[in-house]
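These notes concern the structure reproduced below.
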Amino acid sequence: MTSDSRIWRQLKKNRAGLAGLLIVAVFFLLAAGVWTGILGQDWSDAGGGRWEPPGKEFWFGTNLLGQDIFQRSIYSVRTAFEVGMVVSIFSTVLGAVLGSLAGWYSDSWIDHAILWLKGVLDSIPFYLFVAAVAYALQGQDWAMHIAMIATFWTTTGRLVRAEVMKIKSREFVLSARAIGLPDLLILSRHVLPNTLHILLIQTTIAFVAAIKTEVILSFLGLGVHDGVSWGLMLAESTQEVLAGHFSNFLAASLMLFALLMGFNLFSDALQDAYDPKQAAI
Amino acid sequence: MRYALSKLAHGLFLVLGVTLISFILMVWFGPDQTYTLIGKNANPQQIAEVRHELGYDQPFARRYVDYVAQLFTLNLGASNSSGEPVSRILKRTVPITLALMLPGFILGNLLGIALGLTAAQHRGRWTDHLINGFSVTGMSLSFLVIIILLQVLLSTPYGLNLFPVRGWQVDDPGSYLKYVTVPTLSLILVTLGYNTRFYRAVFVDESGKDHIRTARACGASTATILWKHVLKNSLVPVLTRIMFSIPLIVISGSLLLESYFGIPGIGKATFDAITSGDQPVLKAVVGLTAVAFVLIQILTDLLYRLVDPRIS
């Protein structure tokens, strides 16, 4: 296990990773601004004319209904963080729990059942599954989140299972068992903390995947219903770009790209710090 | 023999699981079709008749068993919305989807392998950093953004205006190229970042092994090392990735591309079936995808033995 201070030193040396972290921090501040009611509160006001160009009053112009695209793209930061945080945290926790159970009781019926569930979920085409869940739970605001959590945990589960199988034959676990500590205590106190690096990296990857999936689902009409998101703005823009109105498209896609790029750079830096063998030193 | 049997049993359990989950989601909780099929002002008796025909009055277990039995006897039935037999829908849509997805799928993987090899060869130098920066950029772009951007740049008067905006009227190689180019480029761009990243990791891992160092020490040229030793010895993970992404790319990837460009392939047919609750179509797509997955797993196992005699 690599020590935390060494990881932090590695991270600080990685300029791209730090830039990524900075980008994510800026977006988080924007999201916090929306949560606290300082920013983007007029996203649904139709105060302008149809498709006004960017100007002093409407920085990024207006959409078909005369809504301020700047306000909408800022409010969407909050939507992105809500989707990203809910999905990445819950799917990583689920993956950690199921993966560590499968790894600890490897080759028992628990392991087989979890592997079977993972195999089944991996064999259903992703958008088809998400669309089916979103449709089955129609009207529920959380349908999209539940669908993503139900499928995103499998990668984390596989990685954690492999790591737990490695850790469980190490001496500190064997001695914990020898003094008669209960399984679940050893698992939660001594084994799972050693998989923290996997969980951290997987959380960043799931965050990116969740935001990207939201865009596709919102375009298909299965995503965000109340409120606004970059996915909804892009869905609106698919007709507008053919008529030469690019404000919606540019605002949503550039903000989306910046946030995803920030997360990916940070995620890469984390992976390099934990696994220097693969890094491009 | 025992191995083959256990593989088959494993595959059978997988198919049962997939059909169970898809049944629960798409049939049990799926949309109720009674009132789409029946006209206005139906009397209770007519409603009950339609519900009986659709099997809505049966218990859960009975409906699931019927569902699986129909799938295994390939009695796929007819679409509830159009009345067209499901087998004919598949015959009509699958070739279009393959024609749409294959060029992008193949090119995306070949380019990914080429870029991955190049990056691994120049590991740590500017070429590696450049390719890495390119992959991260690709991974940060949404599929939808790529599609809209390429459509504006290539198919509208605001860009080069070279290709049709949407649709699929293919009857000769020329028209095929016209309609397939923008979707293909989109598919390549959206997968290339992830592919390159994956293949680079595989090749870097292989390059660090002892036999590569020995080959280098013996004076083998860089090209020989790359093609003969690194690529050949990485074939197992490369094959795994390619094989297992086939069903996912074909269904999931085509779902978005076909709905966006209005292409009448299996992805669009599936999406339409989801939103209208057309159970016979969904049943066929999900069931056959699961069977395809199991077949691919068995086929991949056989391929492993072919490329690596140590596996048996």
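Reminder, nothing fancy here: chain letters follow the sequence lines and each chain counts from 1.
Residue A:Leu121 touches chain B through its side chain alone, counting heavy-atom pairs closer than 4.5 Å. With a 4.5 angstrom heavy-atom cutoff, A:Asp268 touches chain B only via side-chain atoms. Contact annotation for B:Val15: neither backbone nor side-chain heavy atoms come within less than 4.5 Å of a heavy atom of chain A. Looking at B:Val18, the atoms closer than 4.5 Å to chain A (heavy atoms on both sides) sit in the backbone and in the side chain alike. Contact annotation for B:Val165: only side-chain heavy atoms (C-beta onward) come within less than 4.5 Å of a heavy atom of chain A. When heavy atoms are compared at a cutoff of 4.5 Å, A:Ser237 approaches chain B solely by way of its side chain, counted from C-beta outward. B:Phe271 touches chain A through its side chain: at least one heavy atom from C-beta onward sits under 4.5 Å away, while N, CA, C and O do not. For B:Ile21, the part sitting under 4.5 Å from any heavy atom of chain A is the side chain, from C-beta outward, and nothing else. Neither the backbone nor the side chain of B:Ser155 comes within contact range of chain A; no heavy atom of the residue lies under 4.5 Å from a heavy atom of that chain.
Sorted by first and then second residue, the ring pair (Phe, Tyr, Trp, His ring centres under 6.0 Å) pairs involving residues 138-158 of chain B (not counting sequence neighbours) are A:Phe246-B:Tyr158.
Looking at heavy atoms from C-beta onward, A:Phe219 lies in side-chain contact with B:Leu256 at the 4.5 angstrom threshold. Here the side chains of A:Ile124 and B:Thr289 are not in contact, with every heavy-atom distance at 4.5 Å or above. Taking 4.5 Å as the limit, some side-chain heavy atom of A:Leu242 sits within range of a side-chain heavy atom of B:Gln151. You'll find the side chain of B:Thr156 stays beyond 4.5 Å of the side chain of A:Val241, heavy atoms only. In this structure the side chain of B:Leu149 reaches within 4.5 angstrom of the side chain of A:Phe249, judged on heavy atoms. Side-chain atoms of A:Leu220 and B:Leu255, non-hydrogen and from C-beta on, do get closer than 4.5 Å to each other.
Evaluation of the ring pair (Phe, Tyr, Trp, His ring centres under 6.0 Å) rule for A:Phe28 yields A:Phe81 as partners, not counting sequence neighbours.
Between B:Asn132 atom CG and A:Asp272 atom CG the span is 7.5 Å, to the nearest 0.5 Å. A distance of 8.5 Å separates CG of A:Leu115 from NE2 of B:His10, quoted to the nearest 0.5 Å. To the nearest 0.5 Å, atoms CH2 (A:Trp230) and CG (B:Leu144) are separated by 14.5 Å. The structure places CG of A:Leu260 at 11.5 Å from OG1 of B:Thr137, a figure rounded to the nearest 0.5 Å. Interatomic distance, A:Ile216 CD1 to B:Ser142 OG, rounded to the nearest 0.5 Å: 4.5 Å.
When the shell of 6.0 Å around CZ of A:Phe257 is examined, it contains more than 12 heavy atoms from other residues, nucleotides or ligands.
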side-chain contact (heavy atoms from CB on, under 4.5 Å) assessment of B:Phe13 paired with A:Val120: CA-CA 9 Å; B:Phe13 268 114; A:Val120 167; over 6 Å; no
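Looking at every heavy atom in both residues, A:Lys212 comes nearest to B:Met139 through NZ-O, 2.6 Å.
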